[in-house]
Structures are given as structure tokens and as C-alpha cells.
Amino acid sequence: SQQGEEDPQALSIQEGENATMNCSYKTSINNLQWYRQNSGRGLVHLILIRSNEREKHSGRLRVTLDTSKKSSSLLITASRAADTASYFCATGRSGTYKYIFGTGTRLKVLA
Amino acid sequence: DSGVTQTPKHLITATGQRVTLRCSPRSGDLSVYWYQQSLDQGLQFLIQYYNGEERAKGNILERFSAQQFPDLHSELNLSSLELGDSALYFCASSVDLPGNTEAFFGQGTRLTVV
């Protein structure tokens, strides 16, 4: 079963705008990761944030984590057409042997 | 390039057949995971191996099996294939367990059952 739910399911924006997508999860976690998947291709790891971190940056990406609300957000600033993809969150938890993925957000950036 | 290699990239086969998907993890990674992604669906966890031992099973059908070899590469065997088994099959690897580190994914094997 999927632990995470992502919101929105689909998002369409203009190039240059910011895109924000959210991920909610159900149990306590040790880390949360975000992945990008271009149509029909492999998942590319974007960023990992640990449960004791609140915010992390990588280039145009900003990730926040609120463990009290069991939620995370991914912000892509100054979006480009090449950012068009599906974005998934995945959680990792001590004592477990699998990553649990969210349902994904399909982002379309219009040129 | 994630460093995780999956072969073949594409596979077309008939119902009732058996296929083997292969995964080479990143150098030094001890954990290997298999996930299935059907059309427009999320990723369903199938099975995980850590240093040669099966540690977790997810929604893996009895017709499917997997193993991890001493050199840490893994194979996923799918038998008595049905049309509904058509999907993208991903392998991922990580240096440690999910609570401690991230996973890196291969490009996947696209299986089409006709």
C-alpha cells in the first residue's frame, strides 16, 4: 500500500513560475526523498531530507519537512519546460526494508 | 547515470511465458529492491534483498520470484505471464537500509505481455 499521498495529482504552470507539490505520509519516518520520473523512464533521485531537518536546498529545489504534520513539500523555482515530469516522494523508516512511495504529482511546464 | 544497471530495457513476450529481469546494483550497495509500476500508477514494492538475504516481501505474486547472488546482482523471474503483468519493473539499490539512506533506481525494464 502507498504510505504517501501527493497533492496535487497534476499541476500545469508556465515556464518561469514556481511549482509546489506536497506529500503526506502516515507513520513516523527517518527520512523522506523526492524523485523525478520523465515519461516512462527511470526515477532520478533529487534530494533526501532527514527527520531532524526542516528544510533543504539543492539548486532550484527547496524541500521542507514537517514531522508534526507528517508532510513535506517540494518547491521548484523558476521552472523550465525540462522540469515536466512526475514527482514522487518516498519515505524510509528504521527497522524496515522498503521505501514507500507516494502516488506522484504530474507536473507540466508550458513554454 | 545512477549506477544501477537493468537488462533488458524492453521485453515483449507472450502470455504463459517466463522471463528473467536482471539488475546490477551500484558498486558497494548491499540492498536491492524490486518495484513494479503499471501504466499511470505508483510504484508497488515487490521484494528486497540485503547482502544476499531476502528481508522483505511486498505485493509479489506467487508466479514471481527473485534472488540475489553472491556478487550482489539480482534477478526477478516472472512466470506464467498474464496480460496484466505488463508494466515497468524497476530495480533500485542502496548502501544501507531505508531508514539510513537513499535508493538509486535503474532505468527499468518495460515488459509487454501480448
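Lettering of chains follows the sequences in order, A, B, ..., and the numbering in each one begins at 1.
For the pair A/Asp83 and A/Arg36, the salt-bridge criterion is not met [side-chain N within less than 4.0 Å of a carboxylate O]. Using a 4.0 Å cut-off between charged nitrogen and carboxylate oxygen, A/Arg62 and A/Glu55 count as a salt-bridge pair.
Every residue two or more places apart in sequence or in another chain that forms a side chain to side chain donor-acceptor pair (under 3.5 Å) with B/Thr20 is listed here: B/Asn77.
Contact tally against chain A (heavy-atom pairs below 4.5 Å) for B/Gly99, B/Pro98, B/Ala92: the top residue is B/Pro98. Put simply, of B/Gln48, B/Glu102, B/Gln6, B/Lys9, the one with the most heavy-atom pairs under 4.5 Å next to chain A is B/Glu102.
Using a 4.5 Å cut-off between heavy atoms, A/Arg41 contacts chain B through both its backbone and its side chain. Contact annotation for A/Gln37: only side-chain heavy atoms (C-beta onward) come within less than 4.5 Å of a heavy atom of chain B. Within the 4.5 angstrom heavy-atom criterion, only side-chain atoms of A/Phe88, from C-beta onward, approach chain B. Of the two parts of A/Leu43, the backbone and the side chain both hold a non-hydrogen atom closer than 4.5 Å to a non-hydrogen atom of chain B. Proximity to chain A involves both the backbone and the side chain of B/Leu97, based on heavy atoms less than 4.5 angstrom apart. No part of B/Tyr49 comes within reach of chain A, as not one of its non-hydrogen atoms sits under 4.5 angstrom from that chain. Neither the backbone nor the side chain of B/Ser31 comes within contact range of chain A, judged by heavy atoms closer than 4.5 Å.
Under a cut-off of 6.0 angstrom, the local environment of CZ in B/Arg26 is crowded, with over 12 non-hydrogen atoms contributed by other residues, nucleotides or ligands.
No chain of hydrophobic side-chain contacts below 4.5 Å, direct or via other Ile, Leu, Val, Met, Phe, Trp or Tyr residues, connects B/Val95 to B/Tyr50.
Residue pairs satisfying the disulfide (SG to SG under 2.5 Å) criterion with at least one member in residues 11-97 of chain A, sequence neighbours excluded, are listed as follows: A/Cys23-A/Cys89.
Remark: the B/Gln67 side chain and the B/Glu54 side chain contain no N/O donor-acceptor pair separated by less than 3.5 Å.
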